[in-house]
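Numbers restart at 1 for each chain; the letters A, B, ... are given by sequence-line order, proteins then strands. Just so you know, these numbers come straight off a predicted model, no measurement behind them.
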Amino acid sequence: MGTGATASLARRPRVTDDDDIEAFYRTMQPRLWGYLRVTTGRVDLADEVTQEAFVRLLSAHAMPAAWEQRTAYLFRVAQNLVRDHGRARMRWRLEPIDERTAAANPAEPDPMIARTGAALASLSERDRRLLWLTSVEGWSHRDVAALLGLANGSVRVLLHRLRRRLRHQLDESQEPDD
Amino acid sequence: MTSPALDFQLQALAEAVRRSAGRPPSLAAIRFMAARRRASAHARILAAVVAGAAILPPVVAASLWGVAAPSPLVAGVVAVALSLGAVPALTAALAIAWSRPGGAPRQRAS
């Protein structure tokens, strides 16, 4: 996590006191939940995996003191839990992202968000992870490659194609009067 | 569409998605579950030690008896008899050691 928002997390003081954990939970809980919500397409799974990942982090024998390492640990645990869930059951049906977000924001239904959500939902799970971690969470290509088990150099290529494809898809879906 | 525009749209989506999350479990609840998980892990280590302690004396005793036994047959019979005595203790300890952490299905924190 060498760039962007997550890089700033690494500069936090290396203290593992209650306030630090509270701040970490407040910051990372919605971010991990959002990542899981978008990549798995399921609210219940995002709820369960986010909670379980934090329980495992807090019950770890030696919890990493640095936020950067904690974040990497958290996302790795979450990814393994999702993978185990996928092995245990049939692949889940993807819920459209825009339905839930529209329900949560009834006063301001945003067509742009709905279009972006729909475009993202059309991607594969791996592509959604790749895009989200780099573009939203600000992870470096090296860290994303490590988490997703990809070759370091291939992340840049995959991401370039992915972003081009998504831009094209969003341009096409845009209404003429937008 | 430009690349910054795509990033802007993704960030807007991220905000909307995060807003759609329900109320997260309290940190206190997460901490409680983690503490229980740690206690369970310690109990499993203890159970494994007990299992080792239960199986070791009969095996050692049988081995010592085997050295001084009048015949290999007698030594074998005594070794099996002594080891069988440890089986219930070993089984119980292993059942605890291999049971799921917490001993219950995963719970949702409130």
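- Ranked by heavy-atom pairs under 4.5 Å with chain B, the first of A:Ser59, A:Ala119, A:Pro30, A:Ala60 is A:Ser59.
- Under the side-chain contact (heavy atoms from CB on, under 4.5 Å) criterion, B:Ala12 pairs with A:Met112, A:Ile113, not counting sequence neighbours.
- A:Thr134 places a side-chain N or O within donor-acceptor distance of the main-chain N or O of A:Leu130, the cut-off being under 3.5 Å.
- Partners of A:Arg163 according to the side-chain hydrogen bond (donor to acceptor under 3.5 Å, both in side chains) rule, which considers only residues two or more places apart in sequence or in another chain, are A:Ser135, B:Ser3, B:Asp7.
- In terms of modelled atom types and a separation under 3.5 Å, the side chain of A:Arg37 and the main chain of B:Ala21 share no donor-acceptor contact.
- The contact between A:Tyr25 and chain B is made entirely by side chain atoms (from C-beta outward), counting heavy-atom distances below 4.5 Å.
- The part of A:Gln29 that comes within reach of chain B is its side chain, from C-beta onward, which places non-hydrogen atoms under 4.5 angstrom from that chain.
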